[in-house]
Novice: 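Take a look at this one; I'll ask things after.
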Amino acid sequence: MDEKFKKPYDPSATETRIYEAWEKSGYFNPDNLPGPRNETFTVALPPPNVTGILHLGHAYEDSLQDAVVRYMRMQGKKVLWVPGADSAAIATQARVEKNIQKDEGKSRHDIGREELVKRVGEFAKNSESSILSQVRRMGASLDWSRYAYTLDDKRTSAVLTAFVRMYEAGLIYRGNRIVNWDPKGQTTISDDEIVHEERKSKLYTFLYSKDFPIPVATTRLETKVGDVAVAVHPDDVRYKEFVGKEFKLTFCETPLSIRVIADKEVDPEYGTGALGVTPAHSIIDWEMAERHNLPKDKIVINEYAKMSVEGPLNGLKAVDAREKVAEWLREQGLMEKEEEVTQNVATAERTGGIIEPLPKLQWFIGVDRVFTIPHSEIPGIESGSETTLKTIMRTAVESGEVSMPQENFRKVYMNWISNLHDWCISRQIWFGHRIPVWYKGDEIFCGLEAPGGTNWEQDPDVLDTWFSSALWTFSTLGWPEKTLDLKEFHPTSFMSPAYEILTLWVSRMVLMSGFHLGQVPFRTVMIHGLVRDKQGRKFSKSLGNGADPIDTIDKYGTDALRMGLLVGTAIGNDIRFDEDKVKGYKHFANKLWNITRFILESTEGADPHMSLNETDQALIAELDAIVVDVTLDMENYRIYMAAEKLYHYAWDRLAAELIEDSKPILLGTDETAKASRQAVLLVLLSTTIKLLHPFMPFVTEEIYQSLPGKSSDFLMVEKWPTNS
RNA sequence: GCGCGGUUAGCUCAGUUGGUAGAGCGCGUCAUUGACGUUGACGAUGUCGGGGGUUCGAAUCCCUCACCGCGCACCA
């Protein structure tokens, strides 16, 4: 028996060494796996932010995926798990800008585009190794030879190609539309990057002028200088006589022309049942303006959330202008009512800036635009038929081509798709994939490279970071080139993101993969929950409750952390992180260690192929039943149940009962019974170790290396036990 | 407003197709010189949120109510 078993199991002396040995073995790369492997199993790691640090959410996600991946590898599949990192455009640029501001007192405009992009890029590259080594510490069996970064050459080529092809298909277009403008970050942001905050605010009811017949209610008085109409419900008898009339008036020293329109979007119960229509500063007003052919170009608030309108309000901040208008109304005797209300204010997730809806020229992906799909493998969408991106997203899941076993998340996904609007993909920052479009006067050129000739100017915007993420399952496999990897490993097999990004990412991968490949991006999606702290709060910097998984690993070992995160946590529900639970599994790792110690000590010189007596055959049969059960759990991604069952078998059955029962036999005089028991103990041990490997890869591998008569060089590539 | 969850032992949570409830932690008592400083045994009378229904049988399926949470939209 190896001397190492005489001391308690020490994860810190083991894990790094084992990981290096695995990496050196080449088995993370599917091309090097031993034996014939006909079926592939592919997973794309959700790429962590390149400048980020590993948090418990990653730790959970990595544990989950690695358990699945290791199981499939042991099942004899040709397994590829692709690692990567995301440049996370806005977050990364904001961080570097902040540093520069702090250290040099300069803004990005002082530094210039080229220099800033260079510096952000360097910063990102410098942080890269840190997050990647943390992922390694989780034991993740990733094929590092296929590592991908969203801004590397191959991924950039994929992004530009995707843009150009969608532009040519008419699915990417430029349009003047109301977007969510973040005045603080000076960029557009997507709906998904908005958080709504409840705030107290005042609802003003007023008249534009003495001779205007309909009182109007608003919380945003300052925008009223941009009004072009008053809308009422078509069935509202109070205002019916005014519909269609036009009023010329002066409001707060600004000449306005207000038409009364009838639109069914108006809620007759709210306020006075009449609303002032400000097309340039509200999405629904914009839509109403489109329906009623009203002018939409009356912009009264600029990109810095300041008034830009002839008259006394010009240059004022929106909030100050609001008060000024209120004063004016009171003086004129036009204010009818002021009441406190609570309303949800849209703010930018990253900067906290209050969103100002503004019409802007932006790039969009049209999700309802009809196009002809040349090739489709998605059931229900014929090659060469006309379809839309929205149809692809819906059909992929409805047809079961993408299996989302969790019904509740399937509903969320469908619900989201039915409310989906065109996706604004341009961002007014500098770090990221720049939009491959050039302008010269009225001419426009979209292509992979700048057009020939002079005076072409490239669009200054970059793409939403989710654009490149949406290509991830196939850009990582070498698309747009027709690579062998792409052919062999796409669609990927499994994806397990947090429910936070179901819509943000999952649906968009379906969109992109559907359009560019006519395939789904993955076969199965298991949405997982969030890891919260012991009180059930989200981990956040401001709360200071962030538990560092690396600290936990240092203290208890990776295997213990993985078990602590996996056991007893139904996939999809939130998890409360409990250090004591992790501690318990550190004990378990040591228990396995001592089981091994006892069995190896008691079987020295024994013949492992000794034929078993009836009692011992029954023990094999008993374990076989567990193998069947656990395998079924694994096939259905019930990771948490499989892990728990094995924990109980190893501790309560094997250690507490079988080993205890064995002691008299091993010390007894019946040599046949002893030999049989020795042989069976070795089988039970090695089978248990194999079954536990997906969850606790390190301690099981370390034990395996010391087992007599092992059949592979690594447990990692051993065969998953079968019902014998 | 639309949608999705949750409510099970002191705490945190499992419970796969309906078959008279489980784990971890904590707590208590006892034991333990022999694989295990990280051991073992024993200890839970839980109205499975309330009510109703389907069923031979419901934590599980259906309806309804209550409370807690989340997402989306709107918020004039």
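Please read these numbers as outputs of a predicted model, since none were measured by experiment. To find a chain, count down the sequence lines: A is the first, B the second, and so on, and within it residues start at 1.
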Novice: Go through it in stages, so that I can follow the logic: the residues are A/Val216 and A/Tyr208, the test is side chain to side chain contact (heavy atoms under 4.5 Å, CB included), and I'd like the CA-CA distance, side-chain angles, deciding distance and then a yes or no.
Specialist: CA-CA 8 Å; A/Val216 163; A/Tyr208 289 99; 4.0 Å; yes
Novice: The side chain of A/Ala570 lies closest to which of these nucleotides: B/G15, B/C72, B/A23?
Specialist: B/G15
Novice: Which donor-acceptor pairs under 3.5 Å do side chains of residues 283-291 of chain A form with protein atoms, sequence neighbours excluded?
Specialist:
residue: A/Asp285; atom: OD1; partner: A/Ser282; partner atom: OG; Å: 3.3
residue: A/Asp285; atom: OD2; partner: A/Thr278; partner atom: N; Å: 2.7
residue: A/Glu290; atom: OE2; partner: A/Lys296; partner atom: NZ; Å: 3.2
residue: A/Arg291; atom: NE; partner: A/Asp263; partner atom: OD2; Å: 3.1
residue: A/Arg291; atom: NH2; partner: A/Asp263; partner atom: OD1; Å: 3.2
residue: A/Arg291; atom: NH2; partner: A/Asp263; partner atom: OD2; Å: 3.3

Novice: Quick one, A/Phe409 and A/Ile527 - any side-chain contact, counting heavy atoms below 4.5 Å?
Specialist: yes
Novice: Parallel, tilted or perpendicular: which describes the rings of A/Tyr585 and A/Phe588, with under 30° parallel and over 60° perpendicular?
Specialist: perpendicular
Novice: Would you kindly compare A/Trp651 and A/Thr569 by the position of their nearest RNA chain B nucleotide and give the one closer to the 5′ end?
Specialist: A/Thr569
Novice: For A/Arg597, report the nucleic acid contact type (base, sugar-phosphate, nothing); a contact means any heavy atom under 4.0 Å.
Specialist: sugar-phosphate
Novice: Should the pair A/Tyr9 and A/Trp593 be assigned to parallel (<30°), tilted (30 to 60°) or perpendicular (>60°) ring geometry?
Specialist: tilted
Novice: Taking the side chain of A/Asn594 as heavy atoms from C-beta outward, which of B/G3, B/G24, B/C36 is closest to it?
Specialist: B/C36
Novice: When you compare B/G24 with B/C63, how far apart are their P atoms, in angstrom units rounded to a whole number?
Specialist: 36 Å
Novice: Could you state the atom-to-atom distance from CG of A/Leu530 to C1' of B/G69 in whole Å?
Specialist: 12 Å
Novice: Regarding A/Gly584, tell me which of base, sugar-phosphate or nothing describes its non-hydrogen contacts under 4.0 Å with the strands shown.
Specialist: nothing
Novice: Once side chain to side chain contact (heavy atoms under 4.5 Å, CB included) is applied, do any residues pair with A/His421, and if so which ones, sequence neighbours excluded?
Specialist: none
Novice: Taking the same atom, P, in B/G37 and in B/C61, what whole-Å distance lies between them?
Specialist: 46 Å
Novice: Relative to the 5' end of RNA chain B, which residue comes earlier, A/Lys411 or A/Ala231, by the nucleotide with the nearest heavy atom?
Specialist: A/Lys411
Novice: Atom CG of A/Asp578 to atom P of B/A14: distance rounded to whole Å?
Specialist: 14 Å
Novice: Is a donor on one side and an acceptor on the other found under 3.5 Å between the side chain of A/Asp422 and the backbone of A/Val367?
Specialist: yes
Novice: Just how far, in rounded Å, is C1' of B/G34 from CG of A/Leu666?
Specialist: 13 Å
Novice: Can you confirm if the aromatic rings of A/Trp423 and A/Phe364 lie within a centre distance of less than 6.0 Å?
Specialist: no
Novice: Under 6.0 Å between ring centres: does that hold for A/Tyr499 and A/His528?
Specialist: no
Novice: To the nearest angstrom, how far is A/Ile355 atom CD1 from B/A73 atom C1'?
Specialist: 16 Å
Novice: Looking for any heavy atom pair under 4.0 Å, which part of the strands does A/Val277 touch: base, sugar-phosphate only, or nothing?
Specialist: nothing
Novice: Quick check: does any side chain N or O of A/Thr687 sit under 3.5 Å from a backbone N or O of A/Leu684, one acting as donor and the other as acceptor?
Specialist: no
Novice: Under a 3.5 Å cutoff on both atom distances, Watson-Crick or G-U, what's the dot-bracket for RNA chain B ([ ] crossing, | other strand)?
Specialist: (((((((..((((.....[..)))).(((((.......))))).....(((((..]....))))))))))))....
Novice: Please name all residues satisfying side chain to side chain contact (heavy atoms under 4.5 Å, CB included) with A/Glu323, sequence neighbours left out, ordered by chain then number.
Specialist: A/Tyr204, A/Ala326, A/Glu327, A/Arg330
Novice: So, under a plain 3.5 Å distance rule, would you say the side chain of A/Arg638 forms a donor-acceptor pair with the base of B/U16?
Specialist: yes
Novice: Please report the distance, rounded to the nearest Å, between CG in A/Asp574 and C1' in B/U7.
Specialist: 15 Å
Novice: Mind checking the P distance from B/A9 to B/G15? Whole angstroms is fine.
Specialist: 15 Å
Novice: Need one value for A/Ile284: base, sugar-phosphate or nothing, where a base atom within 4.0 Å counts as base even if backbone is also close, heavy atoms only.
Specialist: sugar-phosphate
Novice: Select base, sugar-phosphate, or nothing to describe what A/Asn590 touches, counting heavy atoms under 4.0 Å on all strands.
Specialist: base
Novice: For A/Ile575 and B/G69, give me the distance from atom CD1 to atom P, rounded to whole Å.
Specialist: 21 Å
Novice: Heavy atoms under 4.0 Å, any strand shown: does A/Thr278 hit a base, just sugar-phosphate, or nothing?
Specialist: nothing
Novice: Contacts to RNA chain B from residues 658-665 of chain A, heavy-atom cutoff under 4.0 Å, which residues?
Specialist: A/Ile659, A/Glu660, A/Lys663
Novice: On a whole-Å scale, what distance lies between the C1' atoms belonging to B/U47 and B/A58?
Specialist: 15 Å
Novice: Pick the C1' atom in B/U12 and in B/G26, then give their distance to the nearest Å.
Specialist: 11 Å
Novice: Where do A/Ala274 and A/Pro215 come nearest, in terms of heavy atoms and distance?
Specialist: CB-O, 3.8 Å
Novice: Contact list please: residues 554-563 of chain A against RNA chain B, heavy atoms, distance less than 4.0 Å, in numerical order.
Specialist: none
Novice: Within the structure shown, what part of the strands sits under 4.0 Å from A/Tyr640 by heavy-atom distance: base, sugar-phosphate, or nothing?
Specialist: sugar-phosphate
Novice: Of the listed nucleotides (B/A23, B/A35, B/G71), which one gets closest to any side-chain atom of A/Ile595?
Specialist: B/A35
Novice: I need the CG-C1' distance between A/Asn415 and B/G3, as an integer number of Å.
Specialist: 5 Å
Novice: So which of A/Asn408, A/Val510, A/Val525, A/Thr503 actually passes side chain to side chain contact (heavy atoms under 4.5 Å, CB included) with A/Tyr413?
Specialist: A/Val510
Novice: Tell me what A/Asp633 touches on the nucleic acid: a base, only sugar-phosphate, or nothing, going by heavy atoms under 4.0 Å.
Specialist: base
Novice: Among A/Thr596, A/Thr603, A/Leu592, exactly one meets side chain to side chain contact (heavy atoms under 4.5 Å, CB included) together with A/Leu685. Which residue is that?
Specialist: A/Thr596
Novice: Using atom P of each nucleotide, how far apart are B/C75 and B/C13 to the nearest Å?
Specialist: 36 Å
Novice: From CE of A/Met404 over to P of B/C4, roughly how many Å is that when rounded to an integer?
Specialist: 15 Å
Novice: Using the C1' atoms only, state how far B/C65 lies from B/G46, rounded to an integer number of Å.
Specialist: 23 Å
Novice: So, does A/Thr254 use its side chain to make a donor-acceptor pair with the main chain of A/Cys252 at under 3.5 Å?
Specialist: yes
Novice: What's the closest nucleotide to the A/Tyr647 side chain, out of B/A35, B/C13, B/G24?
Specialist: B/G24
Novice: What's the closest nucleotide to the side chain of A/Lys591 if the choices are B/G40, B/C25, B/C72?
Specialist: B/G40
Novice: Please measure how far the P atom in B/C62 lies from the corresponding atom in B/U54, and state the result in whole Å.
Specialist: 15 Å
